Amino acid sequence: MDKTALLETLECETGPSPQWSVIWLHGLGADGNDFMPIVPELVRPDWPALRFVFPHAPVRPVTVNNGVPMRAWYDIRDFDLANRADAAGVDESVARVEALIAREGERGVPAERVILAGFSQGGAVTLAAGLRRREPLAGLVALSTYLPLAPDVLQALGSTTGAEARRQPVFMAHGSHDPVVPLQAGRMSAKILRDLGVELEWHEYPMAHQVCAEQIGHLAEWFGRRLKG
């Protein structure tokens with residue numbers, strides 16, 4: 001499989017000639033349609049024009065689902081978070097995300113005006129991709145998720161070349177009743193990043209593995225600060 005091949009995407013532009021882009025990665029078993037409805041709820045009238053890009057993850061067998069093929073950013077081998085993500089699958093998806101970021105550059109939107117967002121498995125890839133970068137993005141959004149392959153990411157962030165990645169602001173949010181990705185996993189991931197000097201905003205909500213209206217409001221405030229920068 002060509003890791004640099006562009007994924008099929010859905011797109012939505014909030015105005016003409018957008019100079020900012022948001023690449024949003026869906027969760028396991030969903031597709032790019034999953035978060036398109038969030039656009040009108042999230043966007044504020046005083047924001048500059050944005051291009052939202054919603055890619056479809058490749059279809060692959062997922063071990064914990066009895067090998068049934070579905071859209072997934074990587075195989076889930078085990079429910080235990082320490083062994084959940086397969087490294088090869090994460091690396092492949094990171095390369096696919098990088099290809100999408102490069103395409104935005106070709107369309108006139110540099111990395112510094114790209115926000116990478118994701119939910120659940122898509123949020124894990126968002127953190128893995130964003131925190132490996134040497135050219136910082138405008139920000140990272142990781143919802144109901146955790147930091148996969150943490151030792152590798154920590155090594156990269158702790159190096160001299162990781163200084164640029166540490167400049168990226170991060171928004172993380174989690175449901176206190178999440179049965180899929182435990183709240184403690186999200187909290188621990190946030191602590192790891194903060195301890196490394198990442199500017200991180202953290203929110204918890206009384207919900208399960210989902211998104212709520214209050215969360216969208218907080219995310220809109222965070223977006224607003226990025227878009228004025």
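Quick caveat, the model's predicted, so the values are computed rather than measured.
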Below 4.5 Å, heavy atoms only, C-beta onward: do Phe35 and Val211 meet side chain to side chain?
-> yes

Min side-chain heavy-atom separation Pro55-Arg96 under 4.5 Å = no

Would you check if Trp24 and Ile115 make a side-chain contact, meaning some heavy-atom pair closer than 4.5 Å?
-> no

Note, Leu131 side chain near Leu140 side chain (heavy atom, < 4.5 Å) = yes

Is the backbone of Asp86 close enough, under 3.5 Å, to the side chain of Asp75 for a donor and an acceptor to pair up by distance?
-> no

From CG (Asp195) to CG (Leu200), nearest 0.5 Å = 10.5 Å

Criterion side-chain contact (heavy atoms from CB on, under 4.5 Å) against Leu116, the qualifying member of Val141, Leu127, Thr126 | Thr126

Would you give the length of the straight line joining atom CZ of Arg167 to atom CD of Glu112, rounded to the nearest 0.5 angstrom?
-> 9.0 Å

State whether the side chain of Arg44 and the backbone N or O of Leu42 hold a donor-acceptor pair below 3.5 Å, judged by distance alone.
-> yes

Any donor-acceptor N/O pair, Glu104 side chain to Val109 backbone, under 3.5 Å | no

Ignoring hydrogens and angles, tell me if any N or O in the side chain of Arg51 forms a donor-acceptor pair with the backbone of Pro18 under 3.5 Å.
-> no

Rounded to the nearest 0.5 Å, what's the gap from CZ on Phe54 to CG on Leu25? Could you check?
-> 10.5 Å

Is the side chain of Gln168 donor-acceptor paired with the backbone N or O of Gly130 at a distance under 3.5 Å, no angle test?
-> yes

Result for side-chain hydrogen bond (donor to acceptor under 3.5 Å, both in side chains) between Tyr205 and one of His218, Glu214, His174, Gln215 points to His218

Determine yes or no for a side-chain-to-main-chain donor-acceptor pair under 3.5 angstrom, with Arg71 supplying the side chain and Asp31 the backbone.
-> no

State the OH-CE distance between Tyr146 and Met188, to the nearest 0.5 angstrom.
-> 15.0 Å

Under 30°, 30 to 60°, or over 60°: which ring-plane class applies to His209 and Phe119, parallel, tilted or perpendicular?
-> tilted

Check the surroundings of atom CE in Met36: do more than 12 heavy atoms from other residues, nucleotides or ligands lie under 6.0 Å from it?
-> yes

Answer yes or no: is there a side-chain heavy-atom contact under 4.5 Å between Asp91 and Arg132?
-> yes

OG of Ser144 to CD of Gln121, rounded to nearest 0.5 Å, is 13.5 Å

Which of parallel (below 30°), tilted (30 to 60°) and perpendicular (above 60°) describes His26 and His56?
-> tilted

Check for a donor-acceptor pair, side chain of Asn65 on one end and backbone N or O of Val68 on the other, with a separation under 3.5 Å.
-> no

What distance do Leu137 atom CG and Arg226 atom CZ have between them, rounded to the nearest 0.5 Å?
-> 12.5 Å

